[in-house]
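Structure, as structure tokens:
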Amino acid sequence: MEAIKHFTMETYTNMLNRELSINEWAQERLSSGASLWAFMSVYLDPSSLFNVFIPLCGIFSQELLMHLLTAVSLVSTLNSFEKWIYPEMRPLWWLRERFADKKVSVKPPVALESHQLSCETSGGLPCAHSMTFTVFVLILGSFCFVHCWNRFRSWRSPIWRCTMYPLIVGSVVCMWLSRLYLATEFLHQCVIGSYIGLRLLNTFEGNAYYLYSRPRLLMVSVVFALGGLAVAVYFIKLDLDLDPHWSVRQAFKWCPEPTFMRHEASTIFLLARDLGNLMGLALASPLSNLPNKKSSFWRRCSVLGALEILNYGLRLGTPKQHGRFAFLAYEFFRNALHTLVLLKYSARFY
């Protein structure tokens, strides 16, 4: 057993050391696109999807809004729980730990540049950017293709389908390159994130009717159970002498400038955000009974625009200086209210 454990750890270590070379290659060869990589990591992260892009898609269709919000919320929640239960090293942490460890005789022959965006405070596996963005572009791409297929005869040519697939794959690969360039993820974390997102989306599509028809009390109970699971993991880690905030301490340890770190990137915040989104979905259940009103584009645009301006103001008012509990509770209720209003009450003004 000891030999198997040693072999596994050695194989894992060699894999991470080799993947560091991929991050180094990305920083050396892709520096000309630094603005694009920064844009994708900052403005296409899960929080931006929830607060900007998914509501923006709701302007075109309430059905698309519900589809995106439900699927991305479920995927993001699973991602946050995985990082809460077992966070994995990020490239910069791993590289600096190897150089700081005097017991390591062979150091990785790699030099990585640290960026302001490199100071993440959660674990690396699976990559949340890749996971949620993959689900988002697949749903949005499918919706656009079906919409154009039904409205324009010229879109029924196979050439458009052959064009759509490379566009989706290309956009996901660009997200991978963004994370590799900033040295925030290893390649395997990006690939596994997209794969898990794809499999979860496939499962969701096969069980969407069942999920949409669940009663409110059941869904609220599930969210409370997930919250209980998150708390249980915290105390189990303490009992096992494991640090629940290990990833935050790693970020403090190796980030060149502590002010680069963001509260809203920590795993415990991500759990509060995602459970808040799920609570909003639960309170709006059963989702199959929600109205799907037909209204003009400009009316939907004005209603959702006003809602998101209000939500932006609430985000700016997050109480970051009043203790962790107030911070997390505020974000939980803000996200729950935002999701509930998007799905259930905004349609009343269309």
Hey, does the Lys NZ or Arg CZ of K237 hover above the aromatic six-ring of W246, less than 6.0 Å from the centre and inside 45° of the axis? no
Is the distance between the ring centroids of F327 and F269 less than 6.0 Å? yes
Donor-acceptor check, side chain of [X] to backbone of [Y], threshold 3.5 angstrom: yes or no?
X: Q189; Y: M89; value: yes
X: N335; Y: D274; value: no
X: T318; Y: R315; value: yes
X: N311; Y: L307; value: no
X: T339; Y: A336; value: no
X: R179; Y: T184; value: no
X: R214; Y: P286; value: no
X: E185; Y: C127; value: no

Any chance you could lay out the salt bridge (charged side-chain N to carboxylate O under 4.0 Å, His left out) test for K253 and E97, step after step, and finish with the verdict? CA-CA 10 Å; K253 184 178 179 181; E97 287 282 355; 3.1 Å; yes
Can you give each donor-acceptor pair under 3.5 Å made by side-chain atoms of residues 222-234, sequence neighbours left out, with the distance rounded to 0.1 Å?
none

In Å, rounded to the nearest 0.5 Å, how long is the span from OG of S285 to CG of L290? 8.0 Å
Around atom CG of L240, are there more than 12 heavy atoms from other residues, nucleotides or ligands closer than 6.0 Å? yes
Of all heavy-atom pairs between [X] and [Y], which one has the smallest distance, and what is that distance?
X: N277; Y: S73; value: CB-OG, 3.7 Å
X: S114; Y: R96; value: CB-NH2, 3.4 Å
X: Q62; Y: L342; value: NE2-O, 3.3 Å
X: S41; Y: S178; value: OG-OG, 2.6 Å

With side chains defined as the heavy atoms from C-beta onward, is the minimum distance between C174 and W37 less than 4.5 Å? yes
Does any non-hydrogen side-chain atom of F99 lie less than 4.5 Å from one of L95? yes
Evaluate the ring planes of F39 and Y43, with Trp represented by its six-membered ring, and classify them as parallel (under 30°), tilted (30 to 60°) or perpendicular (over 60°). tilted
Would you mind writing out the side-chain donor-acceptor pairs for residues 199-211 within the sub-3.5 Å range, not counting sequence neighbours?
from	atom 1	to	atom 2	distance (Å)
T203	OG1	R199	O	3.0
E205	OE2	H67	NE2	2.7
N207	ND2	T203	O	2.8

Given side-chain contact (heavy atoms from CB on, under 4.5 Å), test L125 with K83 step by step and report yes or no. CA-CA 7 Å; L125 180 70; K83 291 184 175 184; over 6 Å; no
One pair to check against side-chain contact (heavy atoms from CB on, under 4.5 Å): E28 and E24. What are the steps and the verdict? CA-CA 6 Å; E28 290 178 350; E24 184 181 44; 3.7 Å; yes
Report yes or no: do D45 and S48 form a side-chain donor-acceptor pair below 3.5 Å? yes
For the pair C119/C255, is the SG to SG distance below 2.5 Å? yes
